[in-house]
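Data first, discussion second: the structure below is written as C-alpha cells.
Worth knowing before you read on, the calculation uses all heavy atoms, side chains too, and leaves out hydrogens, waters and symmetry mates.
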Amino acid sequence: MRMETLTCAVLLLLYQESCGAVEVRPSANPAVVGSSVTLSLSPSSSLNSGSWAVGEYLILTWSRLGDQDQVAVYPDHLGRASIDAGRALTLTSLSVNDSGLYTMKSTDPKLSASLSLTVLEPIVNVTTNASVSPLVEHRSTAVALCSVSSGSSVSFAWFNSSSEVVVSDRVRLTEGNATLSIVTISRYDQGPFTCLASNPVSNATSDPVDFTIYYGPDNMNVTLGSHTTGSNVTAVCTAQSNPAARMHWTFGGELLNSSGSELELYHVTKEQSGLYSCVAFNNETKLSHNVTGFLQIKDANSGSDRPKAVWILRLLCLAELMFTFWDI
Ligand SMILES: *[C@@H]1O[C@H](CO)[C@@H](O)[C@H](O)[C@H]1NC(C)=O
Ligand SMILES: *[C@@H]1O[C@H](CO)[C@@H](O)[C@H](O)[C@H]1NC(C)=O
Ligand SMILES: *[C@@H]1O[C@H](CO)[C@@H](O)[C@H](O)[C@H]1NC(C)=O
Ligand SMILES: *[C@@H]1O[C@H](CO)[C@@H](O)[C@H](O)[C@H]1NC(C)=O
Ligand SMILES: *[C@@H]1O[C@H](CO)[C@@H](O)[C@H](O)[C@H]1NC(C)=O
Ligand SMILES: *[C@@H]1O[C@H](CO)[C@@H](O)[C@H](O)[C@H]1NC(C)=O
Ligand SMILES: *[C@@H]1O[C@H](CO)[C@@H](O)[C@H](O)[C@H]1NC(C)=O
Ligand SMILES: *[C@@H]1O[C@H](CO)[C@@H](O)[C@H](O)[C@H]1NC(C)=O
Ligand SMILES: *[C@@H]1O[C@H](CO)[C@@H](O)[C@H](O)[C@H]1NC(C)=O
Ligand SMILES: *[C@@H]1O[C@H](CO)[C@@H](O)[C@H](O)[C@H]1NC(C)=O
Ligand SMILES: CC(=O)N[C@H]1CO[C@H](CO)[C@@H](O)[C@@H]1O
C-alpha cells in the first residue's frame, strides 16, 4: 500500500493522468459571450458522486443511485448547466460573469480538479473620432480616438496605410494605445490611418481616417531655358502646395500680365533676357515663396555653330598648306 502511494506520487509528478488524477479540459478558453462551453474531465470517468462549482458557488451536484444518476442544479445555473455520463460540465448562454475558477470535486472516488475559465465579449463596431477640420503643417496637432461599442479586454493598434504606427517624438499613443496624437503634423501624415481593436476572441478595424493637411508653397522650380528672338516662350513654375498655390510672375521688379503657373511670352526680343521670378502664395497657410531663373534670348541669325565651323575650315586650310610643303 505504501509502496503503491509512493509510485503514484512519482508518476503524478511525471504524468498527471495516472493514479486517478484528472484534469479539466475546456472546449474553448477564452470562450465567447452567448456561446456554450464544455469542461471535460481527462481521463473521462464515470465518477459516482461529486459536484461542480464556480468560485465558492455550487453549480450542480450528482450521485449515482443504482444505475440512475441524480443531478441537482442550483438556482443560479438552472437551465444553463448540465453534465454527461463522463461528468463533463456544459454551460450555455455564457456571460462575462461566468468567468472564474471552475472546480470539480468527486467524493467517490476522492478527486478534484479545477480550471480558470475566461468569457469575453466579442468586439462590435470600432469607430474613431478625429477632428475633420484641416490641419496646418508644422503647426497643428492631429488627434484620433478609437473606441468600440462593446468588447472585453480590448487592445488597440493604429496603422498608417498598412504599416503599424510606431511611437516617436512626434507620434504618441496614449490611453492604452486608443488615442493617436501626431504633434507638429507633416504633409506625409495624411494617412489613411486605421484602428485595429482586438481581444483573444475577435478583432475589427475602423473606417480609415484621412487628415487634410495644408502645406507649402515650397520646393519650387522654374524652367526657362534658352530661346531665340521672335520665338514664343512658355515658362513653367512648380511648387509643392496644398491647396494649390496662386502664382504670378515678375521681371525686373515689374509685375507681369500673366497669372498662373505658366508664363507665355510672344515674339520675344533680346531685351526680354534676364531674371524672372515666379511668386507662389498659399491662401490657407498664408505663406509665400518665390523662385528666380534666367531667361536667355539670343539673335536668331547668329547661330552658335557658326564660329566653330569657321575655325575648322581654317584648320583644314592650314593642314593643306603644310601637306603642300611636305610634298615639296
Ligand atoms: C454581472 O455581474 C454584475 C455585478 O457583478 C451585474 O451587475 C450584472 O448584471 C451581471 N450580468 C449578468 C449578465 O449576469
Ligand atoms: C457604432 O458606434 C457609433 C459611435 O459610438 C454609434 O454612433 C453607432 O450607432 C454604432 N453603430 C452600431 C451599429 O452599433
Ligand atoms: C471625441 O469624443 C469625445 C468624447 O467622447 C469628445 O469630447 C471629443 O470632442 C471628440 N473629438 C472629436 C474630434 O470629435
Ligand atoms: C501599445 O502598443 C505597443 C506597440 O506599439 C505595445 O508594445 C504596447 O504593449 C501597447 N500597449 C497597450 C496598453 O496595449
Ligand atoms: C505615415 O507614413 C508615411 C509614409 O510612409 C510617413 O512618411 C509618415 O511619417 C507616417 N506617419 C505616421 C504618423 O506614422
Ligand atoms: C483577427 O481575427 C481573425 C479571425 O477572425 C484571425 O484570423 C486574425 O489572425 C486576427 N487578427 C489579429 C491581428 O488578431
Ligand atoms: C507665336 O504665337 C502667335 C500667337 O499665338 C502665333 O501666331 C505664332 O505663330 C507663334 N509663333 C511661333 C514661332 O510659334
Ligand atoms: C493682360 O492680358 C489680357 C489678356 O490676357 C489682356 O486683355 C490685357 O490687355 C493685358 N494687359 C496688359 C496691360 O497688357
Ligand atoms: C483659397 O482659395 C480657394 C480657391 O482658390 C478658395 O476655395 C478658398 O476658400 C480660399 N481660402 C481662403 C482661406 O481664402
Ligand atoms: C522672394 O523671396 C525673398 C525672400 O525669400 C524676398 O526677399 C523677395 O522679395 C521675394 N521676391 C519676390 C519677387 O517676391
Ligand atoms: C521636379 C523637380 O525638378 N523638382 C526639383 C525642384 O527643386 C527642388 C529644390 O528646390 C528639388 O529638390 C526638386 O527635385
Side-chain angles (χ1 to χ4, degrees), residues 127-146 158-174 179-195 206-227 231-266 268 271-297:
T127 51
T128 54
N129 96 341
S131 165
V132 289
S133 55
L135 305 156
V136 181
E137 187 179 41
H138 309 315
R139 288 183 232 161
S140 309
T141 293
V143 179
L145 186 120
C146 187
W158 284 91
F159 288 82
N160 178 4
S161 287
S162 54
S163 32
E164 189 166 356
V165 169
V166 286
V167 171
S168 69
D169 52 351
R170 269 187 344 110
V171 182
R172 289 173 200 157
L173 294 172
T174 51
T179 302
L180 167 71
S181 315
I182 309 167
V183 291
T184 59
I185 200 157
S186 89
R187 67 192 68 181
Y188 308 106
D189 293 326
Q190 66 175 50
F193 292 95
T194 49
C195 169
S206 72
D207 285 340
V209 176
D210 291 277
F211 294 120
T212 302
I213 303 150
Y214 290 149
Y215 58 86
D218 52 26
N219 293 308
M220 289 182 70
N221 293 38
V222 63
T223 47
L224 293 162
S226 172
H227 304 268
S231 65
N232 295 339
V233 173
T234 303
V236 180
C237 181
T238 59
Q240 287 185 5
S241 181
N242 185 37
R246 286 200 211 134
M247 291 173 179
H248 66 262
W249 297 79
T250 64
F251 174 61
E254 300 280 319
L255 188 66
L256 292 175
N257 186 20
S258 185
S259 62
S261 59
E262 283 191 3
L263 170 68
E264 290 187 322
L265 301 171
Y266 300 102
V268 289
E271 288 67 44
Q272 285 175 290
S273 287
L275 293 170
Y276 284 77
S277 291
C278 164
V279 183
F281 176 69
N282 178 325
N283 69 348
E284 296 287 353
T285 62
K286 310 285 184 224
L287 294 175
S288 180
H289 202 77
N290 69 64
V291 64
T292 300
F294 189 80
L295 177 69
Q296 187 169 35
I297 295 157

Quick check: do [X] and [Y] have side-chain heavy atoms less than 4.5 Å from each other?
X: Glu262; Y: Met247; answer: no
X: Val209; Y: Pro192; answer: no
X: Val165; Y: Val171; answer: yes
X: Val233; Y: Leu295; answer: yes
X: Leu287; Y: Pro217; answer: yes

Which value, rounded to the nearest 0.5 Å, describes the distance between [X] atom [atom1] and [Y] atom [atom2]?
X: Leu173; Y: Ser181; atom1: CG; atom2: OG; value: 8.0 Å
X: His248; Y: Asn290; atom1: NE2; atom2: CG; value: 8.5 Å
X: Leu263; Y: Leu256; atom1: CG; atom2: CG; value: 6.0 Å
X: Leu265; Y: Ile297; atom1: CG; atom2: CD1; value: 7.0 Å
X: Thr212; Y: Leu135; atom1: OG1; atom2: CG; value: 7.5 Å
X: Asn160; Y: Thr194; atom1: CG; atom2: OG1; value: 9.0 Å

Going by atom type alone, with no hydrogens or angles, which donor-acceptor pairs under 3.5 Å involve a side-chain atom of residues 274-283 and a protein atom two or more places apart or on another chain?
residue : atom : partner : partner atom : Å
Tyr276  : OH   : Gln272  : O            : 2.8
Ser277  : OG   : Thr292  : OG1          : 2.7
Asn282  : OD1  : Glu284  : N            : 2.8
Asn282  : OD1  : Thr285  : N            : 3.1
Asn282  : ND2  : Tyr215  : O            : 3.0
Asn282  : ND2  : Ser241  : OG           : 3.1
Asn282  : ND2  : Asn242  : O            : 3.0

Practice task
Give a yes or no on whether the backbone of Val136 and the side-chain of Ser140 come within a donor-acceptor separation of less than 3.5 Å.
Solution key: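 At least one qualifying donor-acceptor pair exists.
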
Practice task
Would you confirm whether Gln240, through its side chain, and Asn219, through its main-chain N or O, come within 3.5 Å as a donor-acceptor pair?
Solution key: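 Such a contact is absent between Gln240 side chain and Asn219 backbone.
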
Practice task
Could you tell me whether Glu164 atom CD has more than 12 heavy atoms of other residues or ligands within 6.0 Å of it?
Solution key: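 Atom CD in Glu164 is packed in, count exceeds 12.
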
Practice task
Look at atom CZ of Arg172 and say whether more than 12 heavy atoms of other residues, nucleotides or ligands are closer to it than 6.0 Å.
Solution key: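 Atom CZ in Arg172 is not crowded, with 12 or fewer foreign heavy atoms closer than 6.0 Å.
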
Practice task
Determine, stepwise, if the pair Cys237 / Asn221 fulfils side-chain contact (heavy atoms from CB on, under 4.5 Å).
Solution key: CA-CA 6 Å; Cys237 181; Asn221 293 38; over 6 Å; no

Practice task
Kindly determine whether Val143 and Thr179 satisfy side-chain contact (heavy atoms from CB on, under 4.5 Å), including the steps that lead there.
Solution key: CA-CA 7 Å; Val143 179; Thr179 302; 3.9 Å; yes

Problem - By ring-ring contact (aromatic ring centres under 6.0 Å, His included) - contacts of Phe159 (at least two apart) - result: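 Testing Phe159 for ring-ring contact (aromatic ring centres under 6.0 Å, His included), a comparison that skips the adjacent residues, returns none.
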
Handout entry: Evaluation steps, side-chain contact (heavy atoms from CB on, under 4.5 Å), between Trp158 and Val166
Key = CA-CA 9 Å; Trp158 284 91; Val166 286; over 6 Å; no

Practice task
Any pair with a residue in residues 238-252 that passes salt bridge (Lys or Arg N to Asp or Glu O under 4.0 Å), sequence neighbours left out, goes on the list, sorted by first then second residue, please.
Solution key: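 Pairs touching residues 238-252 that pass the test: none.
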
Exercise for the section: Looking only at non-hydrogen atoms, find the nearest pair between Ala130 and Phe211 and report the distance. Expected result: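 Nearest pair, atom of Ala130 first, then Phe211: CB-CE2, 4.2 Å.
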
Using the test side-chain contact (heavy atoms from CB on, under 4.5 Å), find all partners of [X] that sit at least two apart in sequence or belong to another chain.
X: Asp169; result: none
X: Asp189; result: Arg170, Ile182, Ile185, Ser186, Ile213
X: Ser226; result: Gln296, Lys298

Problem - Check: Tyr188/Gln190 side-chain N/O donor and acceptor closer than 3.5 Å - result: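 On atom types as modelled, these side chains do not qualify, holding no pair under 3.5 Å.
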
